[in-house]
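Values in this document were obtained by computation on a predicted structure and should not be read as measured data.
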Amino acid sequence: MADIEETPPSEQQRPAPAPTRVLPVQPVPATLPDPADLRPVGPARRWTWLIAGLAAGAGATALALSLVANLADPAPAPPTTAVTDTGGPTTEPYTALVDGCALLRPETVELYLKGATCTAPKHGADGTTSFGSWTSKDSGYADAQVEVMLSPFAESIYQESLTSHRTPASTTDAKIIVDRAVPGLGDKATLFYTSYSGYGRVTLWAVRNNALISVEYAAITSSGPTPEDVPRDVAEAAAIACAKDALGTLTTP
């Protein structure tokens, strides 16, 4: 029996290695996502950059279309509950006016228009205007004219009235002495003290919601040798008191 020659382990033939599998190169998106696109502002924006990158590779078109289809028909959002505004109460528009001669309280008439008589035309055809005029000849002369107008354009008319009064016609010999805001009167108010040929007159406008109040007041005293205006601070206080009375007559439905 022939002897079997043994081959040393180091010289034995090893199996050839399996061929290496070369993976296809995956395409890289041309641009990285903008961080702004990753914010939770809706699925369509978050996925825009991803769809563009996938579409560049082979076989990615179907995936892109699938994503777009899902975005076009998102899952229904859960029902939301309406938020109730808990801020301060809102003022309803004014809709009713009192008679013109009821715009001033008797106490105001007694203090600044002593012994005055009032005349008032009927309300406008649509009931949006109330006007009263008081005239007194007790110890001189005093008159007040108070008007309340309801309009959705009250604020605009208020501003236009101020502009018009600040540019008087050159022929009126008018000189504005005082032009100031009156805080705490309506939503806003402005008072003028104007001299007409040496005699003063107060004009005041106030607006609250859809109501515009206008007041004119002038008074001359004959207690001295010659007639002269009542002190300016008294005339201004009279006009403000008239405006407060008129505002106090406004009511909401």
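By the 30° and 60° cut-offs, the orientation of the rings of H165 relative to F192 is tilted.
Side-chain N or O atoms of N209 include one that pairs as donor or acceptor with a backbone N or O of E92 at under 3.5 Å. With hydrogens and angles ignored, the 3.5 Å screen pairs a side-chain donor or acceptor of S161 with a backbone N or O of I157. Counting only distance, with no hydrogens or angles, the side chain of D229 and the backbone of I220 share no donor-acceptor pair below 3.5 Å. Side chain of N210 to main chain of P93: no donor-acceptor pair is present (N/O by atom type, distance under 3.5 Å, no hydrogens or angles).
The shortest heavy-atom contact between A120 and G132 is CB-CA, 4.4 Å. Minimum interatomic distance between V148 and A246 (heavy atoms only, all atoms of both residues): CG2-CB, 3.9 Å. Considering every non-hydrogen atom in both L97 and S130, the closest pair reads CD1-N, 3.7 Å. Of all heavy-atom pairs spanning Y112 and A142, the tightest one is O-CB, 4.1 Å.
Rounding to the nearest 0.5 Å gives a distance of 14.0 Å between CZ of R208 and NZ of K188. Atoms CG and OH, on L113 and Y217 in that order, are 5.0 Å from each other to the nearest 0.5 Å.
For the residue pair D245/T108, the side-chain donor-acceptor check at 3.5 Å is satisfied.
Taking 4.0 Å as the cut-off between side-chain N and carboxylate O, E236 and R180 count as a salt-bridged pair. Note on R201 versus D143: salt bridge recorded, some NZ/NE/NH1/NH2 to OD/OE distance being below 4.0 Å.
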